2 protein chains.
Amino acid sequence: MIIKLDMSSSIPIYEQLRNQIVLGIGRGDLKIGQGLPTVRQMAEDIGVNTMTVSKAYSILKNEGYIEIDRRHGAKVKPKLDNSQKFKEYVENELSLLITESRLKGISFNDFLNMSNSIFIAMKGLRTLGGEIQ
Amino acid sequence: MIIKLDMSSSIPIYEQLRNQIVLGIGRGDLKIGQGLPTVRQMAEDIGVNTMTVSKAYSILKNEGYIEIDRRHGAKVKPKLDNSQKFKEYVENELSLLITESRLKGISFNDFLNMSNSIFIAMKGLRTLGGEIQ
DNA sequence: TTATTTGTATTATAATTTATAATACAAATA
DNA sequence: TATTTGTATTATAAATTATAATACAAATAA
């Protein structure tokens, strides 16, 4: 599992780590059901405080991407969310990104091609057992 | 020009304002060449400090969405950007958003439909004069 | 020329956020 | 019973965010 962090970024480390774990699940580096490194292990690996990792894990739990058991640790388990709130979140983020792209001269075709490439690269979420979710 | 701000959000006001102005250009509320309200006027309108507005304008200038003249004020003038850096920014944001959507159960079709709706709603950037950019 | 309006800089202040460090605790497991 | 888990606590420090009051340089209008 590759975690890319930019310590000089203005984006908080816990947020970068949260994003990297979400992307890791999408890429398939992290399978559904797979355990994440312990808070202490992850903190040592990436060279940050344990509470920074704990915060990232806590956010991922609240967002419904992982489950956390005491002793058993953190485990990948994305929960579906067909709420209007989540749709609006996606719409708002997408609106901003498409607007920025448009104003900067990226064609809508290029934008759709990018989207396709990204989607294809992450197609087929698999569990630890191997079956497709 | 409608500016929607959430004062209880964790996103800084200057960043929300920056986003709202970008979206306003995309929607056509702000035409190319059109002047933005003065820093003081905008600050009064939305009820924040002048320096908060100044910071938002300054970011938009640095990102190449507006131009700023002393005395003449801030003016909408998006600059094209075909740099690799900008492409990577879009790719990274898009990757995260598609991954989140996928994990939450939004189909790729729905995602593309959303993208289409958003793009259609902002088609045809116009200048103050009326000609299409 | 003079007064006014523009964005911006400065200074001070305050609250919040972010991150670290050291320690401790509750729960579950071996 | 000892160990490992996520988490809570406490203290500390730095950076960020926002406000307030004031001032400045540049450009325009009177």
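A, B, ... follow the sequence lines: proteins, then strands. Residue 1 opens every chain. The basis for the numbers below is simple: all heavy atoms, side chains too, and nothing from hydrogens, waters or symmetry mates. Only a predicted model underlies this, so the values are computations on that prediction, with no experimental measurement involved.
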Exercise. Along DNA chain D, 5' to 3', what are the outermost nucleotides having an atom less than 4.0 Å from a heavy atom of chain B?
Worked result: D:dT17 to D:dT28

Exercise. With a 4.5 Å heavy-atom cut-off, do B:Leu17 and B:Ile21 have their side chains touching?
Worked result: yes

Exercise. Using a distance-only test with no angle check, is there a side-chain donor-acceptor pair under 3.5 angstrom linking B:Asn19 and B:Glu15?
Worked result: no

Problem set entry | Residue-level proximity of residues 34-55 of chain B to DNA chain C when a heavy atom falls under 4.0 Å | B:Thr38, B:Val39, B:Arg40, B:Met51, B:Ser54

Exercise. Counting any heavy atom closer than 4.0 Å, what does A:Lys75 reach on the DNA or RNA strands: base, sugar-phosphate only, or nothing?
Worked result: nothing

Exercise. Under a 4.5 Å cut-off applied to non-hydrogen side-chain atoms, are A:Met42 and A:Tyr57 in contact?
Worked result: yes

Seminar exercise, completed: Output for pair (A:Gln34 CD, A:Leu36 CG), nearest 0.5 Å, gives 7.5 Å

For this session: Indicate yes or no: does A:Glu100 engage B:Arg18 in a salt bridge with an N to O separation below 4.0 Å.
Result: yes

Problem set entry | Quiz item: cation-pi between B:Lys104 and A:Tyr89, 6.0 Å / 45° | no

Exercise. Would A:Asn109 and A:Ser107 count as having a side-chain donor-acceptor pair, cut-off 3.5 Å?
Worked result: no

For this session: For DNA chain D, just give me the dot-bracket, please: Watson-Crick or G-U, both distances below 3.5 Å, ( ) intra-strand, [ ] crossing earlier pairs, | paired with another strand, . unpaired.
Result: ||||||||||||||||||||||||||||||

Exercise. Hey, does the side chain of A:Tyr14 come within less than 4.0 Å of C:dA19's phosphate (OP1/OP2), counting only N and O?
Worked result: no

For this session: Let me know, please, whether A:Ile13 or A:Arg70 comes out on the 5' side of the other along DNA chain C by nearest nucleotide.
Result: A:Ile13

